[in-house]
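One structure is given below, encoded as structure tokens.
Hydrogens, waters and symmetry mates are skipped; everything else that's a heavy atom, side chains included, is used.
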Amino acid sequence: MNCRFADLRHKEVISACDGTRLGFVDDVIVDTKTACIVSFVIFGRMSFFGLFGKCEDYIIPWEKIQLIGEDTIIISCKTPNPVKRQKKRRFHQKN
């Protein structure tokens, strides 16, 4: 089965262990040397209408993906631990 990134964005990610709905695929991390997908990224939801920022993101490694179906992606682990998004560096900030 071939799938484009645009098609992945419309698939919901669900944990097979506890049935938790994590959300939809928002981004993909790719290894540029091997041109293989390393993981899927699900961005955190907005907190209280976006006034208090976002919740943390989920990064799901490719090895944890059990099945990619028509409408859903099933992962074979419990709900992964959320990861804080790295802040973008501004051009005027030093290392």
Side-chain angles (χ1 to χ4, degrees):
M1 174 176 134
N2 292 333
C3 188
R4 297 179 181 208
F5 176 67
D7 298 333
L8 284 175
R9 292 185 59 117
H10 299 290
K11 295 181 190 273
E12 188 171 23
V13 180
I14 299 175
S15 172
C17 294
D18 55 3
T20 305
R21 299 168 69 185
L22 300 174
F24 294 89
V25 175
D26 290 309
D27 202 358
V28 176
I29 298 174
V30 177
D31 183 1
T32 56
K33 292 182 181 177
T34 61
C36 293
I37 295 176
V38 176
S39 58
F40 289 153
V41 179
I42 300 171
F43 293 150
R45 296 181 183 146
M46 296 290 228
S47 299
F48 195 67
F49 302 110
L51 297 174
F52 297 109
K54 287 186 173 185
C55 297
E56 297 169 337
D57 302 337
Y58 292 107
I59 297 179
I60 298 145
W62 180 256
E63 297 82 28
K64 300 293 183 185
I65 295 173
Q66 186 174 0
L67 176 71
I68 298 178
E70 290 289 325
D71 298 325
T72 59
I73 297 173
I74 307 293
I75 60 172
S76 63
C77 62
K78 295 186 294 187
T79 305
N81 294 330
V83 179
K84 285 192 176 191
R85 190 177 305 178
Q86 295 177 355
K87 292 187 177 184
K88 293 181 182 177
R89 284 187 23 191
R90 305 280 184 200
F91 66 91
H92 57 79
Q93 291 179 339
K94 293 187 178 184
N95 295 339

- Item | side chain to side chain contact (heavy atoms under 4.5 Å, CB included) against Val30, all qualifying residues, sequence neighbours excluded | Val28
- Roughly how far, to the nearest 0.5 Å, is NZ of Lys64 from CZ of Phe40? 15.0 Å
- Query: Hey, does the side chain of Lys11 reach the backbone of Glu70 with a donor-acceptor pair shorter than 3.5 angstrom?
  - Reply: yes
- Message: As an exercise, state the distance from CD1 of Ile37 to CG of Leu8, rounded to the nearest 0.5 Å.
- Response: 6.5 Å
- With sequence neighbours excluded, what pairs up with Asp7 under the side chain to side chain donor-acceptor pair (under 3.5 Å) test? none
- Would you find a donor on one side and an acceptor on the other, under 3.5 Å apart, between the side chain of Ser39 and the backbone of Trp62? no
- Task: Nearest 0.5 Å please: distance from the SG atom of Cys36 over to the CD1 atom of Ile29.
- Result: 14.0 Å
- Linking Ile, Leu, Val, Met, Phe, Trp and Tyr through side-chain heavy atoms less than 4.5 Å apart, which residues share a cluster with Phe24? none
- Task: Check Thr72, Ile14, Ile74 against Leu67 for a side-chain contact (heavy atoms from CB on, under 4.5 Å) and give me the one that passes.
- Result: Ile74
- Message: Restricting to side chain to side chain donor-acceptor pair (under 3.5 Å), what partner residues turn up for Thr32, sequence neighbours left out?
- Response: none
- Heavy-atom closest pair, residues Asp26 and Phe43: OD2-N, 2.8 Å
- Item | Full working for side-chain contact (heavy atoms from CB on, under 4.5 Å) between Ile60 and Leu22 | CA-CA 10 Å; Ile60 298 145; Leu22 300 174; 4.0 Å; yes
- Message: For Gln66, give me all partners under side chain to side chain donor-acceptor pair (under 3.5 Å), at least two apart in sequence or on another chain.
- Response: none
- Message: Using modelled atom types and a 3.5 Å cut-off, is there a donor and acceptor pairing between side-chain atoms of Asp31 and backbone atoms of Val38?
- Response: no
- Message: Holding to salt bridge (Lys or Arg N to Asp or Glu O under 4.0 Å), I want the full list of residues that pass it with Glu12, two or more places apart in sequence or in another chain.
- Response: Arg21
- Rounded to the nearest 0.5 Å, what's the gap from CD1 on Ile59 to CD1 on Ile42? Could you check? 10.5 Å
- Item | Separation of Ser15 OG from Ile73 CD1 (nearest 0.5 Å) | 13.0 Å
